[in-house]
Amino acid sequence: MPISQELSDAQCEERIIAAKAKLGKRLVILGHHYQREEVFKHADYAGDSLKLSRQATQSGAEYIIFCGVHFMAEVADILSTPEQIAILPDLAAGCSMADMANLDKVEQAWQELSTMLNPDESVTPVTYINSAANLKAFCGQHGGIVCTSSNAKKVLEWSFNQREKVLFFPDQHLGRNTAYAMGIPLEEMVIWDFDQPNGGLTKQEIQATKIILWDGFCSVHQQFQPEHIDQYRATYPEGKVISHPEAPFEVCQKSDVVGSTEVIIQTVKKSPVGSRWLVGTEVNLVDRLAKQSKVEGKFVHYMAPVVCMCSTMYRIDPQHLLWVLENLVAGNVVNQIKVDPQDAEQAKLALERMLVVSS
Ligand code: 13P
Ligand code: SF4
């Protein structure tokens, strides 16, 4: 069955509803907050990475369609039972930040660290959930753990209780923002440049550091700048600012609240009527929140003057969602995400550590 790209979104909508009804309880659709509205409206559960990971463990459905990006569907596959099938409607929906770390580079970093210290005794490897399954497996194997943007603090506390240092990948901003909020000064953090021998660091720098931050970032959140906050505050001195921890350090420092996509939504929802918020995260979430908030008498502004959209999340369109659904109705599984069983076993260890720590 081919993808019907010529169908309009409205035509897709009717057929998506019909296919969902035919599949009934055999299907669950998980939708990340960054999904476009035409897809998001079909999600049975919406959430941030942590909430959706938990949902994947709880769903009894035979098919889990993940409207998100590749690493999220991998997590759904790893945490679900062997009989359940995880599906990503468009296989090209990756995460550019996740691609900034890979197993070769991380193993090389570990090996280089071992010429200066014994990493298996002194460094906890922590991977952001925005990473490939084999990196989660690496963490599982080396006494490490996974974190999301909503549990990074608890995970780092756990990690420093295991070993004196942390190697944090791939997002330097989440690592820095979280460690700083825990009281670790910037002088005790270094950046690991994965294109340089020894990360571009000296033995003394590595021995003196508390946390080694991988030189990765999210190109969407990197666009938010402290000047955007200054301009807003000059116009709306009473207004509040909330940012995702993938945003740069200076932006998070100037924000009133820093939190995951779920925290952003809940904070704005719980704020009193008349509140005004500048929000530093992906545009689809902010647009939806702005519309809902307007009805409730609150004002939501987007942080950047240019539109910062996650183009890979945007690859999941109603046409691809319809295509996977109608194939399931016809008895065909397309775009299944199946993690290598050995990687899945080790990655599950690191994910389960995270779920325990953040429970
Ligand atoms: P959340 O954990 O807030 O869902 O963030 C995931 C993500 O990719 C943000 O860019
Ligand atoms: Fe990855 Fe950034 Fe998109 Fe999140 S917003 S999925 S980190 S590219």
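Just follow the structure's listing: the first ligand is 1, and inside any ligand the first atom is 1.
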Original post:
Would you call Glu121 and Arg163 a salt bridge, taking side-chain N to carboxylate O under 4.0 Å as the test?
Top reply: no
Subject >> side chain to side chain donor-acceptor pair (under 3.5 Å) pairs, two or more places apart, involving residues 58-70 >> reply: Arg26-Glu62, Arg26-Tyr63
**OP:** Record the part of Val220 in heavy-atom contact with ligand 1 below 4.0 Å; permitted values are side chain, backbone, both and neither.
**Re:** neither
Original post:
Are Tyr34 and Ile316 connected, step by step, through hydrophobic side chains (Ile, Leu, Val, Met, Phe, Trp, Tyr) whose heavy atoms are closer than 4.5 Å?
Top reply: no
Original post:
What part of Glu246, side chain from CB on, backbone N/CA/C/O, both or neither, has a heavy atom under 4.0 Å from ligand 2?
Top reply: side chain
Original post:
Applying a strict 4.0 Å limit to heavy atoms, is His221 in contact with ligand 1?
Top reply: yes
**OP:** Report, as a single number, the protein N, O or S atoms less than 2.8 Å from atom 1 (Fe) of ligand 2.
**Re:** 1
Subject >> Validation row, ring centre Trp214 to ring centre Phe168 under 6.0 Å >> reply: no
Subject >> Proximity flag Met97 to ligand 1, non-hydrogen atoms under 4.0 Å >> reply: no
Subject >> Charged N-O contact under 4.0 Å between Arg233 and Asp256 >> reply: yes
Original post:
Heavy atom under 4.0 Å from ligand 1: found in Glu246's side chain, backbone, both, or neither?
Top reply: side chain
Subject >> Test of proximity, Ser260 against ligand 1: N or O pairs below 3.5 Å >> reply: no
Original post:
Would you say His244 touches ligand 1, if touching means a heavy atom closer than 4.0 Å?
Top reply: yes
